Amino acid sequence: MPVLEIRDLHVTVETENGTTPILNGVTLTLRTGETHAIMGPNGSGKSTLAYTIAGHPKYTVTSGSITLDGEDVLEMTVDERARAGLFLAMQYPVEIPGVTVTNFLRTAKTAIDGEAPAIRGWTKDVKGAMSNLRMDPTFAARNVNEGFSGGEKKRHEILQLELLKPKIAVLDETDSGLDVDALKIVSEGVNRAKEQTDLGVLLITHYTRILRYIRPDFVHVVVKGRIVEEGGPELADRLEEEGYDRFLEAGTPVEA
């Protein structure tokens, strides 16, 4: 059973005010088949955690560790992390002019598996996944995320998730900007991927509405770069009623 282990993770970022600590000792264990929700107010470090796992060069790990099945993730390049089974659905997916969705998906699948998928089976898989996500088939010939709406970009992220079949998926505020219908469709895609591959999910969100469709096994509250409370789904329900005020001390949270 693949396991992602984060131990006493400290991360900084360079700002106009100098080196700024963002994560201040995060510890978390995620196994495949589990869904962990990371919740917290703006600027608490949630997205920093996601991008640090993925290997974004903006963030510097000053101490602590991240391992996947005992292998040191921090020593891996970004592409090595992807081949090892890590996946990041970005909060703000980028446009890639000149690269079609079809070429992007097939190239990514080839890079991760080490060989190109058979055309006939791959084409069937792509069409089936797009249909499940209610994506217009013409999107396959469009450039990646170019001219896509916010909801279309998020569906494309989940399309990648379903086709690339990672071990661990980090979903960074996948629910942001989605209306109710799109939220249901995206959530169904995540649940489908989990059922088919025993995927482990680290779901980062401000709000509980996506947790009505993707039910977490564990909830972690992050404030000022630390996990300040942990629990089951009932903790998310409590946050819905009470908010984060009881966790916040005087002062402004660090920027993530």
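Worth saying up front: this structure is predicted, and the values here are computed from it rather than measured.
Residues Gly189 and Leu133 share a closest heavy-atom pair of CA-CD2, 4.3 Å. Contact detail for Ala89 and Thr174: the closest heavy-atom pair is CB-OG1, 4.0 Å. The minimum heavy-atom distance between Gly33 and Lys194, with the atom names listed, is O-CE, 3.1 Å. The minimum heavy-atom distance between Ala141 and Thr102, with the atom names listed, is N-OG1, 4.5 Å. Heavy-atom minimum distance, Asn24 versus His10: C-NE2, 3.5 Å. Annotation for Leu28 and Arg7: closest pair O-NH1, 3.5 Å, computed over non-hydrogen atoms.
Considering only heavy atoms from C-beta on, Asp72 stays 4.5 Å or farther from Met76 through its side chain. Between Lys127 and Met130, every side-chain heavy-atom pair lies at or beyond the 4.5 Å cut-off. Counting heavy atoms from C-beta outward, Val101 and Phe148 have side chains that approach closer than 4.5 Å. Residues Lys109 and Leu163 fail the side-chain proximity criterion, which asks for heavy atoms closer than 4.5 Å. Arg155 has its side chain within reach of Val186: a pair of non-hydrogen atoms, C-beta onward, lies under 4.5 Å apart. Residues Arg238 and Glu229 form a side-chain contact, since some pair of their non-hydrogen atoms from C-beta on lies under 4.5 Å apart. With a 4.5 Å cut-off on side-chain heavy atoms, Asn143 and Thr100 count as touching. Counting heavy atoms from C-beta outward, Ile6 and Ser65 have side chains that stay 4.5 Å or more apart.
With rounding to the nearest 0.5 angstrom, the NZ atom of Lys153 is 10.0 Å from the CD atom of Glu146. Here CD of Glu5 is found 9.5 Å from CG of Leu68. Values are rounded to the nearest 0.5 Å. The CD atom of Glu188 lies 10.0 Å from the CD1 atom of Ile214; values are rounded to the nearest 0.5 Å. Summarising the geometry, atom OG1 belonging to Thr205 is positioned 10.0 Å from atom CG belonging to Leu171; distances are rounded to the nearest 0.5 Å. Taking CD of Glu75 as the start and OG1 of Thr67 as the end, the distance is 12.5 Å to the nearest 0.5 Å. Note that CG of Leu161 is 7.5 Å distant from OG1 of Thr197, once rounded to the nearest 0.5 Å.
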**Prompt:** So Ile210 and Leu183, side chain to side chain contact (heavy atoms under 4.5 Å, CB included) or not? Walk me through it.
**Reply:** CA-CA 7 Å; Ile210 194 172; Leu183 179 64; 3.7 Å; yes
**Message:** The test is side-chain hydrogen bond (donor to acceptor under 3.5 Å, both in side chains); show your working for Asp79 and Thr77 and say whether it passes.
**Reply:** CA-CA 6 Å; Asp79 58 305; Thr77 60; 2.6 Å; yes
**Asked** Does the side chain to side chain contact (heavy atoms under 4.5 Å, CB included) test come out yes or no for Asn145 and Ile96, once each step is laid out?
**Response** CA-CA 7 Å; Asn145 291 325; Ile96 310 178; 5.8 Å; no
**Request:** Step by step, work out the side chain to side chain contact (heavy atoms under 4.5 Å, CB included) result for Val222 and Ile204.
**Result:** CA-CA 10 Å; Val222 176; Ile204 295 170; over 6 Å; no
**Asked** Taking it one step at a time, do Thr19 and Glu14 satisfy side-chain hydrogen bond (donor to acceptor under 3.5 Å, both in side chains)?
**Response** CA-CA 5 Å; Thr19 301; Glu14 293 299 322; 2.5 Å; yes
**Message:** Could you walk me through whether Met135 and Glu152 satisfy the side chain to side chain contact (heavy atoms under 4.5 Å, CB included) test, starting with their C-alpha distance in whole Å, then the side-chain angles of each, then the deciding distance to 0.1 Å, before giving a yes or no?
**Reply:** CA-CA 8 Å; Met135 297 179 69; Glu152 289 163 347; over 6 Å; no
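With hydrophobic clusters built from ILVMFWY side chains whose heavy atoms lie under 4.5 angstrom apart, Val13 shares a cluster with Leu74. Connection of Tyr207 to Val180 is not established within any shared hydrophobic cluster, with ILVMFWY side chains joined at heavy-atom distances below 4.5 Å, either directly or through further cluster members. Cluster annotation: Leu202 and Phe218 are assigned to distinct hydrophobic clusters (Ile/Leu/Val/Met/Phe/Trp/Tyr, side-chain heavy-atom contacts under 4.5 Å, transitive). Phe139 and Leu164 fall within a single hydrophobic cluster, where Ile, Leu, Val, Met, Phe, Trp and Tyr side chains are chained together by heavy-atom contacts under 4.5 Å. When the side chains of ILVMFWY residues are joined at heavy-atom separations under 4.5 Å, either directly or via intervening members, Val61 and Tyr59 end up in a single hydrophobic cluster.
In this structure, Arg106 contributes its side chain and Trp122 its backbone to no donor-acceptor pair below 3.5 Å. Between the side chain of Asp69 and the backbone N or O of Glu71, no donor-acceptor pair lies under 3.5 Å. The main-chain N or O of Pro41 is found under 3.5 Å from a side-chain atom of Lys46 such that the two form a donor-acceptor pair. Without hydrogens or angle criteria, Thr35 side chain to Val201 main chain gives no donor-acceptor distance under 3.5 Å. In this structure, Glu157 contributes its side chain and Met90 its backbone to a donor-acceptor pair below 3.5 Å. Side-chain N or O atoms of Asn191 include one that pairs as donor or acceptor with a backbone N or O of Tyr213 at under 3.5 Å. Distance alone, capped at 3.5 Å, places no donor-acceptor pair between the Asp172 side chain and the Ser47 backbone. Here the side chain of Arg81 pairs no donor or acceptor atom with the backbone of Leu86 at under 3.5 angstrom. In terms of modelled atom types and a separation under 3.5 Å, the side chain of His220 and the main chain of Met39 share no donor-acceptor contact. Side-chain atoms of Thr60 do not come within 3.5 Å of backbone N or O of Thr62 as any donor-acceptor pair.
Summarising the local packing, CD of Glu115 is surrounded by 12 or fewer heavy atoms from other residues, nucleotides or ligands at distances under 6.0 Å.
Using the six-membered ring where Trp is involved, His56 and Tyr51 have ring planes that are perpendicular, over 60° apart on the 30 and 60° scheme.
Using a 4.0 Å cut-off between charged side-chain N and carboxylate O, Arg215 and Asp237 make a salt bridge.
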